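Atoms within a ligand are numbered from 1 in the order they appear, just like the ligands themselves. Just so you know, these numbers come straight off a predicted model, no measurement behind them.
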Amino acid sequence: MNAIETIGLEHKYADGTVALSGVDFEVDKGERVAVLGPNGSGKTTLFYHFNGLIRPTAGDIRVFGENIGKENIDTVRRRVGIVFQDADSQLFAPTVFEDIAFGPKNLGFDPQDIKDRVSEILHRFDIEELAKKNPANLSEGQKRRVAIAGVVIMEPDVLVLDEPTSGLDASGVTDTMEILDELNGEGKTIIISTHDTELAASWADRVYILNKGKIFRKGVPRLIFADEKLISEAGLKHPAIVQTFREFHARGISKGEVPLSVLELMDSIDAKLISIRCAVAGFDISAGDEVYLCMKDGMLVAGSVPTGVRGKAVLGGKKGEDIAVKDVTGDLHQLAGSITIVRVPGIVEGGSRAVNIGKIREILEKENAGKIGAMGTSAKVLVNKMGIKCDFEFDVAQSGMLAALRGFNVVIFASGGMAGRVIERVREKKIIRTVLKSFE
Ligand SMILES: Nc1ncnc2c1ncn2[C@@H]1O[C@H](COP(=O)(O)OP(=O)(O)OP(=O)(O)O)[C@@H](O)[C@H]1O
C-alpha cells in the first residue's frame, strides 16, 4: 500500500510562482525515499503537502489511501510527522524536555505518561543531558536531534525530513541516519530531501529527482546513478564511488553493475587481473615463484602453504618484505573472516538491563574479535559502559564486512531493530561466516 501518493499535484504560491506542476509521487509503506533536486526545485513545497500544511492548487494527495480533507486532517498529522529544514522554526519551548513533551501534552496525554514517554525518547536519542537546556542554546546537530525526537514521540507512521543532514559534521550525519535506519527497521516510512548524492545512493530504496517543480526522474538508485547523462542534466553531483567505478571499468579492472558502496566497489574488482602487494611470510621469494595467499591481521600474506588461492610473484622480496603477486587463481574473498552479531535490547538502562555483560565478554574472547562495531544508540551506550573501544561506529555493517573480507573476526553490537537489517546484509555475503547471539 502507498503510504503517500500525489496525483497531478500543482502548487501556485500567492505571488504567482508555480512551485510544483503535474507531480505524481508515491511512497510505499516502509520505504526509504530520497528526494534530490537543485535549490528551488520544489522539495520543501512538496513535503508541506504531505500532512496538509499547505493545500494543492490542483491534483490530489492521498495518505494511506485517503484524500486529505478537513475531516481527517488530525489523523493525517498524527500519521505523517514533518521535521523542518530549519530546526529553529520547530523548537520553541523554554527547555528541551518541554519541547519534546509539547506534542503529547497537546493531545491531552496523562502527565505521568508524558513524563515516561519523554524520558524514553531522551534516552533513545542519547540527549538526556540536554533535557533542561534551552533549545536556542544547542548546537546545530543537537537541535536537529531534538527536533526529530519531538516528532518521533508522536509515533508517526511516516517521517518526512527536509534536508536532515545539511550543516552536520560527519558524526552528526551518521547519528541522524542511524536513527532514521532504526525507525525504518521498526516499519516506519522515511522520506528525506537532500543534496547529498552519496547519501541518497547508499541509503534510499527509491530516488526522486525534482527539477523546476516537475519530477525529472524516479527509480532505484542503481539505475538512476548509472545514468551519467541524467545526473549531469539534473545538475547533481556524481557519487565518488560511481566515478571511481567508471574509471576502473574503462581500464578493465572493474566489471558488472554500478556499485553504490565501497563494499560493492570492491566486489566489482576482478582480482585475477590486478597485481597485489603483499607481505612475505618467513622466507625469500624470487620473481616467478609460485606463492599461496592467506589473510593475517587484516593483511594479505604470501607463503608456501597451499591455501587454495595461488598466485605468481612478479616482484620478489626477502623474508618479511612486500612483494607483488599476479595471476591469482581462486577468489581472494575465500579468505574472509567472520562476523558475530550481538543483538542487544533497544533500551539499555544503566547499560545492564537484560544484558549479561559477563556473557558478552566471553563472546568477545571466544570469537577472537579483531574488530568491534556498534550500531544503534543503545548498543553504543552499552559498549561504552563496558569500556570497550569500538573500531567502527560509522557505517558499521559495511565497515564490518570490509574488515571480515580482510580476514578479521568482527563482532558487531546492534540494538534490536538494527540487528535484523545487518544480519540480512551480512548473510548476502555467503563467504563471511555469521553468528548471531541475542540478548533480547
Ligand atoms: N511562500 C512562498 N511564496 C512564493 N514563492 C515561494 C514560497 N515558498 C517557496 N517559493 C518558491 O517556490 C519554489 C520552490 O521552493 P522550495 O522551497 O519548495 O524549493 P526546494 O527544492 O525546497 O529548495 P532548497 O533546496 O533551496 O531548499 C522556489 O522558486 C521558491 O522561490
Quiz question for you: does at least one protein heavy atom lie closer than 4.0 Å to atom 2 (C) of ligand 1?
yes
Identify, by atom number and element, the atoms of ligand 1 in contact range of Lys43, meaning under 4.0 Å from any of its heavy atoms.
18 (O), 19 (O), 20 (P), 21 (O), 22 (O), 23 (O), 24 (P), 25 (O)
So is Ser41 in contact with ligand 1, going by heavy-atom distances below 4.0 Å?
yes
Gln85: numbered ligand 1 atoms lying under 4.0 Å from its heavy atoms:
27 (O)
Evaluate the criterion salt bridge (charged side-chain N to carboxylate O under 4.0 Å, His left out) for residue pair Arg32 and Asp181; output intermediate values, then yes/no.
CA-CA 9 Å; Arg32 308 199 280 194; Asp181 278 349; 2.5 Å; yes
Decide, yes or no, whether a salt bridge links Asp88 with Lys143 under the criterion of side-chain N to carboxylate O below 4.0 Å.
yes
Does a sphere of radius 6.0 Å around CD in Glu424 hold more than 12 heavy atoms from other residues, nucleotides or ligands, not counting ones at 6.0 Å or beyond?
no
Answer yes or no: are there more than 12 heavy-atom neighbours, outside Arg117 itself, under 6.0 Å from its atom CZ?
yes
May I ask you to decide if the ring planes of Phe245 and His249 are parallel, tilted or perpendicular, using 30° and 60° as cut-offs?
tilted
Should Lys229 and Glu233 count as an ion pair when the cut-off is N to O under 4.0 Å?
yes
From the options Val35, Thr17, Leu210, select the one whose nearest heavy atom is closest to atom 29 (O) of ligand 1.
Thr17
Does the N or O separation between Gly42 and ligand 1 drop below 3.5 Å for any pair?
yes
Number the atoms of ligand 1 from 1 as they appear, then name those within less than 4.0 Å of a heavy atom of Glu163, with their elements.
25 (O), 27 (O)
Between Phe102 and Phe92, does the ring centre distance come in under 6.0 Å?
yes
Please write down residue, atom name and distance for the protein heavy atom closest to atom 5 (N) of ligand 1.
Tyr13 CD1, 3.4 Å
Which atoms of ligand 1 are found less than 4.0 Å from any heavy atom of Thr44?
17 (O), 18 (O), 20 (P), 22 (O), 27 (O)
What protein heavy atom sits nearest atom 15 (O) of ligand 1, and how far off is it?
Thr45 OG1, 3.8 Å
List the closest protein heavy-atom neighbour of atom 24 (P) of ligand 1: residue, atom name, distance to the nearest 0.1 Å.
Asn39 ND2, 3.6 Å
Are there over 12 heavy-atom neighbours, none belonging to Lys218, within less than 6.0 Å of that residue's NZ?
yes
For His195, atoms of ligand 1 separated by under 4.0 Å from a heavy atom:
25 (O)
Looking at Asp227 and Arg217, is there a salt bridge between them, counting it only when a charged N and a carboxylate O are closer than 4.0 Å?
yes
Got the closest protein heavy atom to atom 23 (O) of ligand 1, with its distance?
Gly40 N, 2.8 Å
